Number of protein chains: 4
Amino acid sequence: MVAMRGMDATMTGEDKAPRTERGRRTLRALLDAARAEFGEKGFHDSSVVSITSRAGVALGSFYTYFDSKESLFRALVKDMSGQVRDHVAPVLPGVGDQIDAEGRALAAFLLFARQHKEIYRIIDEAEFVAPDAWKAHYGTTVERILERLKAAETRGELSGPIDEAHAWAIMGMNVFLGLRYGVLGEERAVEDIAEVVNRMLRKGLG
Amino acid sequence: MVAMRGMDATMTGEDKAPRTERGRRTLRALLDAARAEFGEKGFHDSSVVSITSRAGVALGSFYTYFDSKESLFRALVKDMSGQVRDHVAPVLPGVGDQIDAEGRALAAFLLFARQHKEIYRIIDEAEFVAPDAWKAHYGTTVERILERLKAAETRGELSGPIDEAHAWAIMGMNVFLGLRYGVLGEERAVEDIAEVVNRMLRKGLG
Amino acid sequence: MVAMRGMDATMTGEDKAPRTERGRRTLRALLDAARAEFGEKGFHDSSVVSITSRAGVALGSFYTYFDSKESLFRALVKDMSGQVRDHVAPVLPGVGDQIDAEGRALAAFLLFARQHKEIYRIIDEAEFVAPDAWKAHYGTTVERILERLKAAETRGELSGPIDEAHAWAIMGMNVFLGLRYGVLGEERAVEDIAEVVNRMLRKGLG
Amino acid sequence: MVAMRGMDATMTGEDKAPRTERGRRTLRALLDAARAEFGEKGFHDSSVVSITSRAGVALGSFYTYFDSKESLFRALVKDMSGQVRDHVAPVLPGVGDQIDAEGRALAAFLLFARQHKEIYRIIDEAEFVAPDAWKAHYGTTVERILERLKAAETRGELSGPIDEAHAWAIMGMNVFLGLRYGVLGEERAVEDIAEVVNRMLRKGLG
DNA sequence: CATGAATGAGAGTTCATTCAT
DNA sequence: TATGAATGAACTCTCATTCAT
């Protein structure tokens with residue numbers, strides 16, 4: 001992904017790891033509190049005091065585990081990005097061709113978004129707060145989509161030529177459908193939405 | 001859309017309108033400075049002092065025209081939302097069917113995004129800073145797309161049934177393609193991208 | 001009044017007098033607006049813009065007539081102080097002795113306070129905003145009371161020796177009774193209150 | 001009144017209480033600094049920076065203990081109101097009748113005012129800055145006076161009928177005598193002033 | 001490891017006053 | 001005289017981060 005050059009997806013290992021069981025519990029509590037807080041109020045209206053008080057730990061303890069409010073946010077974005085991946089990956093192999101698989105992936109993503117509505121607020125805000133993590137998220141997502149499409153093209157399932165733009169287009173569709181039918185409203189079945197896309201991808205609208 | 005042409009969406013309702021020519025110049029300077037500042041640094045890293053100093057006016061003058069930093073941001077979002085609309089609308093009528101028209105719309109949008117790269121930072125951040133303006137932007141955008149698709153369906157140009165999900169899918173594609181090929185990189189011609197989408201919408205990928 | 005040394009009761013003639021009829025009307029409008037504004041909101045929560053807009057004149061016009069917000073306030077305090085005096089003085093001569101006269105004075109003052117409830121807010125706040133005007137008000141008031149009492153003592157109406165403390169005591173009674181039965185509530189007739197004081201002054205409570 | 005003795009009226013309900021000894025010291029320093037600052041300069045000319053710098057603590061520490069400049073002022077008014085009460089109450093029981101007792105109360109109040117000259121500036125300004133605390137102060141003061149007078153009337157010490165107006169009259173006398181002979185000048189002995197009032201209340205001026 | 005008081009840079013906002021028109 | 005835009009000093013309050021206990 002040429003445009004993604006410069007993204008730093010490898011900034012793992014910052015922040016301090018807990019060494020005791022008690023420490024592990026405190027860290028967990030902080031992460032959960034942060035996810036709720038950032039999801040509800042956004043990065044700037046969230047405060048470290050509020051996060052620690054949600055977590056039931058002392059203010060100072062925050063800095064035992066994180067270097068800064070930003071570094072916690074970054075950790076959260078990476079975590080959620082990974083979770084999406086882990087949630088969607090298992091449904092990709094299955095009956096049917098790649099277009100069917102993309103439909104299943106969208107359905108799985110919609111389900112995930114419904115269970116974790118805060119994901120949009122957090123990942124979207126990463127554009128401003130943690131640009132590297134944000135670029136990493138969308139960069140790897142689009143790369144994965146493109147690889148799948150290329151492989152399908154090679155297998156003759158798609159009438160190419162497939163290029164990067166297709167992957168961006170599909171990611172955009174998924175993101176906005178996830179926003180609309182995952183977060184903003186749940187009035188339609190995820191399979192229904194997946195079917196709409198499936199038809200579009202298979203035969204177009206014409 | 002036509003009804004919107006020329007109307008100053010920036011100063012609707014809130015904030016005070018200037019009564020003299022000098023005041024009009026000051027207001028213009030503030031809006032321009034704000035667009036640049038917010039586009040470069042985002043809402044929270046932008047400051048009113050910095051905006052006024054860019055604009056070459058005194059700090060206090062800001063509050064002659066705007067109630068708050070937020071209200072300026074809101075005004076800007078509405079303004080840019082209107083500009084996108086005004087930029088895209090003229091290309092919609094033309095030769096070919098609705099799918100061709102959507103392709104032209106995307107190309108026009110890409111050109112606009114290239115000329116106004118700050119639009120993404122500003123409209124995206126509105127999700128957090130001015131949620132109402134943000135919802136209004138995407139809400140009217142999707143409505144307009146849906147109307148066009150429905151009309152085309154009625155004309156028999158599209159093999160329905162068309163529903164809201166199609167509009168969201170198309171908006172998502174456009175937004176992410178605009179981000180990728182309008183803002184992040186300009187290595188491909190806008191017609192090229194439009195053609196990719198055109199093919200997808202016309203015949204799918206199958 | 002030894003303690004009042006230093007008060008500047010003579011600062012008349014500051015501010016600019018209007019020379020035209022139109023100017024006279026503007027000045028009048030400003031004074032009326034100021035009285036209402038200061039009475040409602042107090043000095044610090046009142047603003048020059050608000051006063052001028054109440055008066056229906058332009059902001060800049062304020063400085064055509066007053067040097068500053070404070071100087072307007074000072075003018076108002078002197079004005080109201082004079083009005084109290086002018087309202088009470090006429091009732092002093094009359095049937096009965098000096099104690100009767102003091103009762104009539106209190107009744108007249110209560111009536112005035114009921115018609116001009118803002119007087120308390122304005123004169124009380126003068127302690128902080130225009131100390132000289134405040135000292136002048138209470139200084140001349142107490143002097144006038146003391147003179148009357150001394151004269152009555154000379155006439156044999158009072159069993160002396162009368163001194164300054166009596167005057168302060170009576171002024172204090174009047175001020176607090178005016179606050180209670182003039183401003184805070186009007187449930188008792190002013191003659192009723194005057195009668196209570198009359199009895200106290202005539203025979204005490206014992 | 002007795003029930004009030006020793007209780008910290010300063011920290012009732014609002015504002016945060018310190019949990020450590022160090023915190024207690026900081027809070028104390030802030031309160032002392034505030035009393036001096038407000039007493040000298042009044043509420044509006046006092047600033048939080050100035051108060052904290054007097055107290056020798058950082059600006060931010062102010063907000064560890066108080067919600068706002070106003071809330072500190074309110075706390076101070078309540079505190080001083082309580083202190084007056086606690087200072088005067090002990091002298092009420094004693095030899096003689098209720099009129100003697102009121103004289104002792106006035107003398108005690110004068111002494112207190114001499115030691116705490118800032119009390120007038122602070123309580124008077126509360127009319128504008130903390131109206132509730134101001135009303136509470138004068139309301140409870142007048143109630144207590146009225147109760148004492150009624151009880152004395154019942155015991156046959158006073159020739160009634162006593163009503164609320166008497167209490168307001170006496171409070172007014174005390175307040176203005178306290179201002180004149182407690183704050184503005186100390187040239188007369190407090191017993192002297194008390195004696196003047198004693199005679200007035202016992203036999204009137206007639 | 002946990003605690004919470006202390007710190008202070010920095011931000012947004014107000015408004016009396018000035019002044020060009 | 002009247003107007004209202006322009007000015008900028010001054011102020012309150014926030015909050016991420018540090019550190020002594």
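As the structure is a prediction and not an experimental result, all values here were calculated from the model. Order of the sequence lines fixes the chain letters, A, B, ..., with proteins taken first and strands second; residue numbering starts at 1 for each chain.
- Residues passing the side chain to side chain contact (heavy atoms under 4.5 Å, CB included) test with Ser46(B), sequence neighbours excluded: Glu37(B), Phe38(B), Lys41(B).
- Atom NZ in Lys69(C) sits roughly 4 Å away from atom P in dA16(E) (whole-Å rounding).
- Spacing between atom CG of Leu30(A) and atom P of dA2(E) amounts to 9 Å, rounded to whole angstrom units.
- Nucleotides of DNA chain F nearest to Thr26(C) and Phe62(A) differ in position, and the one nearer the 5' end is that of Thr26(C).
- Residue Thr64(B) has its side chain nearest to dA5(F) when only dA16(E), dA16(F), dA5(F) are considered.
- For the atom pair Asp32(B) CG and Leu27(B) CG, the distance stands at 9.5 Å (nearest 0.5 Å).
- Residue Ser47(B) has its side chain nearest to dG12(E) when only dG12(E), dA6(F), dA16(E) are considered.
- Residues passing the side-chain hydrogen bond (donor to acceptor under 3.5 Å, both in side chains) test with Glu70(B): none are found, sequence neighbours excluded.
- Using a 4.0 Å heavy-atom cutoff across all strands shown, Gly60(A) reaches at least one base atom of the nucleic acid.
- Of the residues near DNA chain F, Arg19(B) and Ser68(D), the one whose nearest nucleotide (by heavy atom distance) lies more toward the 5' end is Arg19(B).
- Distances shorter than 4.0 Å separate some side-chain N or O of Tyr65(A) from OP1 or OP2 on dA2(E).
- Between Arg24(D) and Glu21(D), at least one side-chain nitrogen of the basic residue sits less than 4.0 Å from a carboxylate oxygen of the acidic one, meeting the salt-bridge criterion.
- Rounded to a whole Å, the CG atom of Leu59(D) is 17 Å from the P atom of dA5(E).
- Residues Leu30(D) and Phe62(D) have side chains in contact (heavy-atom distance under 4.5 Å, counting atoms from C-beta outward).
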Show me, pair by pair, the donor-acceptor contacts under 3.5 angstrom made by side chains of residues 125-136 of chain D, not counting sequence neighbours?
unit_1: Glu125(D); atom_1: OE1; unit_2: Phe43(D); atom_2: N; d: 2.7
unit_1: Glu125(D); atom_1: OE2; unit_2: Phe43(D); atom_2: N; d: 3.3

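- With a 4.5 Å cut-off on side-chain heavy atoms, Val77(A) and Ile122(A) count as touching.
- The stretch residues 49-58 of chain B touches DNA chain F through Val57(B), Ala58(B), each having a heavy atom within less than 4.0 Å of the strand.
- We find the CD1-CZ distance between Ile119(C) and Arg35(C) to be 8.0 Å, quoted to the nearest 0.5 Å.
- To the nearest 0.5 Å, the span separating CD1 on Ile123(A) from CD on Glu118(A) amounts to 10.0 Å.
- Pairs of Watson-Crick or G-U wobble type, with distances under 3.5 Å, assemble into runs of 3 or more in DNA chain E at these ranges: E:2-21 with F:2-21.
- Residues Leu72(A) and Tyr65(A) form no side-chain contact, since every pair of their non-hydrogen atoms from C-beta on lies 4.5 Å or further apart.
- With rounding to whole Å, Glu21(D) atom CD is found 11 Å from dA6(E) atom P.
- Near DNA chain F, meaning a heavy atom under 4.0 Å away, there are no residues from residues 35-45 of chain B.
- Two residues are said to be in side-chain contact when any heavy atoms from C-beta on lie closer than 4.5 Å; Phe66(D) and Val48(D) fail this criterion.
- Rounded to a whole Å, the CG atom of Leu72(D) is 11 Å from the P atom of dC13(F).
- Each of Ser61(B) and Thr20(D) lies near DNA chain E, and the nucleotide nearest Thr20(D) is the one positioned closer to the 5' end.
- Toward the 5' end of DNA chain E, the nearer of the two residues Arg22(A) and Tyr63(B), judged by each one's closest nucleotide, is Arg22(A).
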